[in-house]
There are 2 protein chains.
Amino acid sequence: MPEFLDLHSKASKALRAAAEAAVRRHGLHLGQDHLLAVLWRQDGSTPGEVAAALNVTTPNVVKAATRMAAAGLLTRRRDDRDNRLVRLWLTDTGRALQAPIEEERRHLEDQITADLSETEREHLLSALAKIHRSATALLNEMS
Amino acid sequence: MPEFLDLHSKASKALRAAAEAAVRRHGLHLGQDHLLAVLWRQDGSTPGEVAAALNVTTPNVVKAATRMAAAGLLTRRRDDRDNRLVRLWLTDTGRALQAPIEEERRHLEDQITADLSETEREHLLSALAKIHRSATALLNEMS
DNA sequence: GCTCGATCATTAACCGGTACACGATTTTGG
DNA sequence: CCAAAATCGTGTACCGGTTAATGATCGAGC
């Protein structure tokens, strides 16, 4: 039971639960806010583009988009020029969530990092970045 | 898109993928190694005990146990004295995985934290612990 | 102009996680 | 002793994630 992996797993779980609760207050499920964030930045993105932006697989985006379309957050429309493509367009409901969700996310980050000094926070970010690089490199050299 | 949440999310995903690949080399799925770890420490634990030890819900353990029983890693047996209880017992196969899996996990932690100095590592652990506490406190005061 | 390969979304099947409802058993209180 | 409450495992249904297979469409080359 290595120290870091164990602690990271626990922290991750708690963080995930907190994020879930925060976003659910606005009728969303975890991860849907990320998908919306892509559309807020570029409305009319395709599932493939969204998947690439979020580092998830395309089927995952398709499934989420289906649920979110049913929830009235976005609509699907095929591209006129290239009929293979599907474009996801925000509804007014989906667009209206941007401000509250972004505020909620900022608030969550503030609460989560409240116990950290500024230098602690910087060190944490830099260490996390190194972890991220190592893990990504590990994945690449395996595949 | 707050800095820490975003970075943590990315690092988490990469770490998860790396752990998945590491454990899959031994025929396991992600999370099953944690369940096994509980049984390595205390064979014959009940699903509820395992769930409490792993901070997951009981149905989750039940489902995982069903798959792992099918995979020949453990067996189910009802408790003789209290017939409500079910106890999970390791098979030889499940027991034999302890050394290789623990080694794999140590190796993964070493690779992941290779770029960190000793003080960086300590600071990371302490910061992660604070994050964990904050997130847990946040969850409690919400529920 | 037509075929063959590349590209894209979708579906199905699986795993880990959750909440909720259900049923069986044990324990407690009267 | 017996009814009511607490405990425990399980089933169902959902969400996020994956891989692999399918099907439609577009583009390049002959």
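Hydrogens, waters and symmetry mates are skipped; everything else that's a heavy atom, side chains included, is used. Per chain, numbering begins at 1; letters A, B, ... match sequence-line order.
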Listing, residues 54-69 of chain A side-chain donor-acceptor contacts under 3.5 Å, not counting sequence neighbours, or none:
unit_1, atom_1, unit_2, atom_2, d
A:T66, OG1, A:V62, O, 2.9
A:T66, OG1, A:R76, NH1, 3.3
A:T66, OG1, A:R76, NH2, 3.2

Using a 3.5 Å cut-off and no angle test, enumerate the donor-acceptor pairs between side-chain atoms of residues 26-38 of chain B and protein atoms at least two apart in sequence or in another chain.
unit_1, atom_1, unit_2, atom_2, d
B:H26, NE2, B:E104, OE1, 2.8
B:H29, ND1, B:R24, NH2, 3.1
B:Q32, OE1, B:H29, N, 3.2
B:D33, OD1, B:G31, N, 3.2
B:H34, NE2, B:R105, NH2, 3.3

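Contact between the side-chain N/O atoms of B:R16 and the OP1/OP2 oxygens of D:dG17 is not found at any separation under 4.0 Å. Taking 4.0 angstrom as the limit, A:T66 places none of its side-chain polar atoms (N or O) nearer than this to OP1 or OP2 of C:dT10. Close to C:dC15, at under 4.0 Å from its OP1 or OP2, lies a side-chain N or O of B:R67. Residue A:Q32 places at least one side-chain N or O under 4.0 Å from the OP1 or OP2 atom of D:dG16.
The separation between B:L30 atom CG and C:dG16 atom P is 8 Å, rounded to whole Å. One can place CE of A:M68 at 13 Å from C1' of D:dG16, the figure rounded to the nearest angstrom. B:L73 has its CG atom 12 Å from the P atom of C:dC15, to the nearest Å. The CG-C1' distance, from A:L35 to C:dA9, rounds to 14 Å in whole Å. Between A:L85 atom CG and C:dA6 atom C1' there is a gap of 13 Å when expressed in whole angstrom units. In this entry the distance linking CG of A:L28 with C1' of D:dC14 reads 16 Å, nearest Å. Residue B:E49 contributes atom CD, which lies 9 Å from atom P of D:dC8 at whole-angstrom precision. The CD atom of B:E20 sits 8 Å away from the C1' atom of C:dC15 (whole-angstrom rounding).
Across all strands shown, B:R76 has heavy atoms under 4.0 Å from sugar-phosphate atoms exclusively, and none from any base. Nucleic acid contact class of A:G31 (heavy atoms, under 4.0 Å, all strands): none. A:V86 comes within contact range of the sugar-phosphate backbone alone, with a heavy-atom separation under 4.0 Å but no base atom that close.
Taking the centre of each ring, B:H8 and A:H8 come in below the 6.0 Å mark.
Looking at A:R25 and A:E20, no side-chain N of the basic residue comes within less than 4.0 Å of a carboxylate O on the acidic one, giving no salt bridge.
Set against D:dT10, D:dT18, C:dA9, the side chain of A:K63 has D:dT18 as its closest nucleotide.
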Taking only N/O atoms, report every protein-nucleotides 19-29 of chain D pair under 3.5 Å with atom names and distance.
unit_1, atom_1, unit_2, atom_2, d
D:dC26, OP1, A:N83, N, 3.0

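Judged by distance alone, the side chain of B:S9 and the main-chain N or O of B:L5 form no donor-acceptor pair under 3.5 Å. Under the 3.5 Å distance criterion, the side-chain polar atoms of A:R78 are left unmatched by any main-chain donor or acceptor of A:R87.
Within the 4.5 Å cutoff, the side chain of A:L138 has heavy atoms near those of the B:I112 side chain.
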